[in-house]
Amino acid sequence: MSTALSEQELLRRESLNQLRELGINPYPADEYKVTAFAQDIADNFGRFPDNYKKVTLAGRIMIRRIMGNASFAELQDSSGRIQIYLKRDDICPGEDKTLYNTVFKKLMDIGDYIGVKGFVFLTQTGEISVHVQELVLLSKALKPLPIVRRDEEGNIHDAFTDPEMRYRQRYVDLTVNPEFKQIFVNRSKVISSMRDYFNKQGWFEVETPILQPVHGGAAARPFVTHHNTLDMPLYLRIANELYLKRLIVAGFDGVYEFGKMFRNEGMDRTHNPEFSAMEIYIAYKDYIWMMAMVEQCLEIVARAVHGIPVVQVGANEINFAGPYEKLSMYDSIQKYTGVDVSTMDEAALRRTCSELGIEVDDTMGKGKLIDEIFSAKVEANLIQPTYITDYPIEMTPLAKKHRTKDGLVERFELFINGKEIANAYSELNDPIDQRERLEEQLVLAGRGDHEAMAMDEDFLRALEYGMPPTSGLGIGIDRLVMLMTNQVTIQEVLFFPQMRPEKKAKVGTADDFINIGVPAEWVPVLNKMGFNSVEELKSANPNKVFNDLGGMRKKLKLDLVMPVKEIVMAWFE
RNA sequence: GAUUCCGUAGCUCAGCUGGUAGAGCAUAACACUUUUAAUGUUGGGGUCCUGGGUUCGAAUCCCAGCGGGAUCACCA
């Protein structure tokens, strides 16, 4: 798909042609050996000026200030920006001043990648700058970047903030708003510090199927696809829990996986259809042990990102150092509503919900009703890390029955800043109990709960061979990253959040025009004249098009060979 | 899915009770050898999201659609 080109895009394409005519390859293949970075120079030039007498940098031109035979520009590399100083007679020591007068001043643009060699110095106004002695073009940019300007006080003018454009064109966002890169650097630290911690404990990183014949391990609607060779439906995983447990059956003591999960549900600022989760299963442990492990792990993560365990999230200071508060689900409901739901049956729970003003429907079982009360009345109050423990058995088909409390399971969820971050069980390893619990899910599914779990016979078979007592944990990585980077929306912590497809511009491709005989270099001109598809062109008057082509050539000062009339007429046949 | 706000130049945005579209930056030309939101002078650049309707006349009012934001609902 191509779109009609703007004036600036046409000019940049014309500059591209002129560069080639000057014998300059706008997209050279050679390695460019970089020896210095903007941030390092800014940090260390003052102390070690001798180290910067010969530097090579590469990056994009972001600002130009041309003053006759000398110019300043700002070069942006992966680490930051640095000012460069170009003097005509320094980069063009001989008679030929083309490199400065034409290439730099006329044919290069904001956004182009260049390489510079030179020495670092201090300008009269005291700005650390690179005095350029050699300048090369590394890659020509054909689309103009949005211009974001910063003044002396650091105020940002003309900020590029439209969320739609930032998410759809993340490459533009991170180029002109490089401060957002830090979120993704911190995201990487969250994941790598967790992985380091697990590996140090001797746990084993694994990969399990994303395409699953049965979608198990969680309650959610899946994406369905189809495998042609097997001629069967496959589901994108909503969880990997049942596969990781199979690996515990197989004899690994500790297995973990970072991976994408896919849920065909709503999208909002905390939900993306694909999201990242970490699940870990450790043999011979229980959920009490797991709480201590999570405390240790999250403190390490917070320190990896911030250096300290205390993280500012919105108006709250969250302390990730353990131990965290522990509250049973029933106690938490009692604490925040004053109602004791521990002995209620389904009918009593329904009455309680209506008294509390909570909407329910007929498909909801006892477990779901309790969860509704919890979600509505308790969750938002849990700011500091808090373990909610001992859930009703009905809402947790994969957790072991509580060792002492009837009707409950050994489960905790970790809430931080009012959001669920982690979920853990003493895993159910009694195959007969597991079968009954999954059968109860089928009953719920029959009542219309489309999130009830499916039966997985192979998983049950694995349990029948024997799974050691095991504790398992899942952590929502995106939400953890949101906490660690103080972001309110999941889109800000995903490079490429899901968006509706862009509206298709109703224009033909350049190839469509070329196929009817239009020279490639004239296609943008036709677009400029308003012909965005071959059909539009063919419905025009051929003689007028021929005349207008000449007019456009003159108007845009295009250095193109005018096609002869017969060729233009042939476009209309 | 509901409610609500928004969609104008490459970018950020003005545009009143309807009268043929404006600014800053970017861009083009000229000047300028230490500037830094560089500066000065002069230009060019628009499917006012799309499609209907009302009207002598619509960027503006009405309807529908598309896209996005926010809030709510859904979502362990």
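Lettering of chains follows the sequences in order, A, B, ..., and the numbering in each one begins at 1.
- Here B:rC72 sits opposite B:rG1 as a Watson-Crick or G-U wobble pair (both hydrogen-bonding atom distances under 3.5 Å).
- Within the 4.0 angstrom heavy-atom criterion, no nucleotide atom of any strand lies near A:Phe415.
- The separation between A:Met108 atom CE and B:rA28 atom P is 14 Å, rounded to whole Å.
- Between A:Arg237 and A:Glu257 a salt bridge is recorded (basic side-chain N to carboxylate O distance below 4.0 Å).
- Proximity note for A:Ile110 (side chain, C-beta onward) versus B:rA76, B:rG10, B:rU27: the nearest is B:rU27.
- With the nearest nucleotide of RNA chain B identified for both A:Tyr425 and A:Gln491, A:Gln491 has the one nearer the 5' end.
- Residue-to-nucleotide contacts include no donor-acceptor pair under 3.5 Å from the side chain of A:Glu127 to the base of B:rU34.
- Remark: A:Lys105 is not in phosphate contact with B:rA28, judged by side-chain N or O atoms under 4.0 Å from OP1 or OP2.
- Distance noted for atom C1' between B:rG15 and B:rG24: 15 Å (whole Å).
- Regarding A:Met62, its CE atom lies at a distance of 23 Å from the P atom of B:rU35, rounded to whole Å.
- The base-pairing partner of B:rC56, taking Watson-Crick or G-U wobble contacts with both distances under 3.5 Å, is B:rG19.
- Of the candidates B:rG69, B:rU12, B:rA70, B:rG69 carries the atom nearest the A:Pro163 side chain, counting heavy atoms from C-beta on.
- Atom CG of A:Asn101 and atom P of B:rC30 are 10 Å apart (whole Å).
- Using a 4.0 Å heavy-atom cutoff across all strands shown, A:Leu145 reaches no nucleic acid atom at all.
- One finds a side-chain N or O of A:Arg168 lying less than 4.0 angstrom from the OP1 or OP2 phosphate oxygen of B:rG68.
- Here the separation of B:rU8 from B:rC13, taken at their C1' atoms, is 9 Å to the nearest Å.
- Among the protein residues, A:Lys106 comes within range of the sugar-phosphate backbone only, with heavy atoms under 4.0 Å from sugar or phosphate atoms but none that close to a base.
- Between A:Glu164 atom CD and B:rC66 atom P the separation is 14 Å, expressed in whole Å.
- Of the possible polar contacts, one joining the A:Gln434 side chain to the A:Pro397 backbone as a donor-acceptor pair under 3.5 Å is found.
- A:Asp89 comes within 4.0 angstrom of a nucleotide base, judged by non-hydrogen atoms across all strands.
- Proximity note for A:Asp162 (side chain, C-beta onward) versus B:rU35, B:rG68, B:rU34: the nearest is B:rG68.
- When distances run from any side-chain atom of A:Asp158 to the nucleotides B:rG68, B:rU12, B:rU35, the shortest one goes to B:rU12.
- Here A:Lys400 does not pair with A:Glu410 in a salt bridge; the nearest charged N to carboxylate O distance is not below 4.0 Å.
- No donor-acceptor contact under 3.5 angstrom links the side chains of A:Asn101 and A:Arg88, judged on distance only.
- Below the 3.5 angstrom threshold, one finds a donor paired with an acceptor across the side chain of A:Glu7 and the base of B:rG44.
- Candidate nucleotides B:rA28, B:rA37, B:rU12 were compared by shortest atom distance to the side chain of A:Leu11, and B:rA28 ranks first.
- The existence of a salt bridge linking A:Glu325 and A:Lys335 is confirmed by a sub-4.0 Å separation between a basic side-chain nitrogen and an acidic carboxylate oxygen.
- Taking the side chain of A:Met165 as heavy atoms from C-beta on, and the options B:rA76, B:rU27, B:rC11, the nearest nucleotide is B:rC11.
- Side-chain N/O atoms of A:Asp268 and base N/O atoms of B:rC74 include a donor-acceptor pair closer than 3.5 Å.
- No donor-acceptor contact under 3.5 angstrom links the side chains of A:Thr489 and A:Glu492, judged on distance only.
- Phosphate contact (OP1/OP2 of B:rA38, side-chain N/O of A:Arg65, threshold under 4.0 Å): present.
- A:Gln8 contributes a side-chain N or O that forms a donor-acceptor pair with the base of B:rA26 under 3.5 Å.
- Here, B:rA23 and B:rG43 have their P atoms 12 Å apart, quoted to the whole Å.
- On the C1' atoms, B:rU42 is 38 Å away from B:rU50, given to the nearest whole Å.
- Spacing of P atoms, B:rU47 relative to B:rU3, comes out at 33 Å, to the nearest Å.
- Between the CE atom of A:Met261 and the C1' atom of B:rA76 there is a distance of 15 Å, rounded to whole Å.
- One atom, CD1 of A:Ile156, and another, P of B:rU12, lie 14 Å apart when rounded to the nearest Å.
- Here B:rG43 sits opposite B:rU27 as a Watson-Crick or G-U wobble pair (both hydrogen-bonding atom distances under 3.5 Å).
- Counting non-hydrogen atoms under 4.0 angstrom, A:Arg269 reaches the backbone sugars and phosphates but no base.
- The interatomic distance linking A:Arg149 (CZ) with B:rU12 (P) rounds to 14 Å, in whole Å.
- Taking atom P in both B:rU54 and B:rC62, the straight-line distance is 15 Å, to the nearest Å.
- In terms of phosphate contacts, A:Arg64 brings no side-chain nitrogen or oxygen within less than 4.0 Å of OP1 or OP2 of B:rA38.
- For the pair A:Leu57/A:Ile84, no side-chain contact is recorded, criterion being any heavy-atom separation below 4.5 Å from C-beta on.
- In this entry B:rA14 has no Watson-Crick or G-U wobble partner, no candidate having both defining distances under 3.5 Å.
- Counting any heavy atom pair closer than 4.0 Å across all strands shown, A:Arg81 reaches no nucleic acid atom.
- When the P atom of B:rU34 is taken as reference, atom CE of A:Met67 falls 5 Å away, rounded to whole Å.
- The 5' end of RNA chain B is approached more closely, in terms of each residue's nearest nucleotide, by A:Ala159 than by the other of A:Arg88 and A:Ala159.
- Relative to the ring axis of A:Phe180, A:Arg170 does not place its NZ or CZ within 45° and under 6.0 Å from the centre.
- Taking the C1' atoms as reference points, B:rG44 lies 30 Å from B:rG67, given to the whole Å.
- The main-chain N or O of A:Phe104 is found under 3.5 Å from a side-chain atom of A:Arg64 such that the two form a donor-acceptor pair.
- The side chain of A:Thr123 lies closest to B:rU35, out of B:rU35, B:rA76, B:rA28.
- B:rU35 is unpaired under the Watson-Crick or G-U wobble criterion, no partner having all donor-acceptor distances under 3.5 Å.
- Here, B:rA70 and B:rG57 have their C1' atoms 36 Å apart, quoted to the whole Å.
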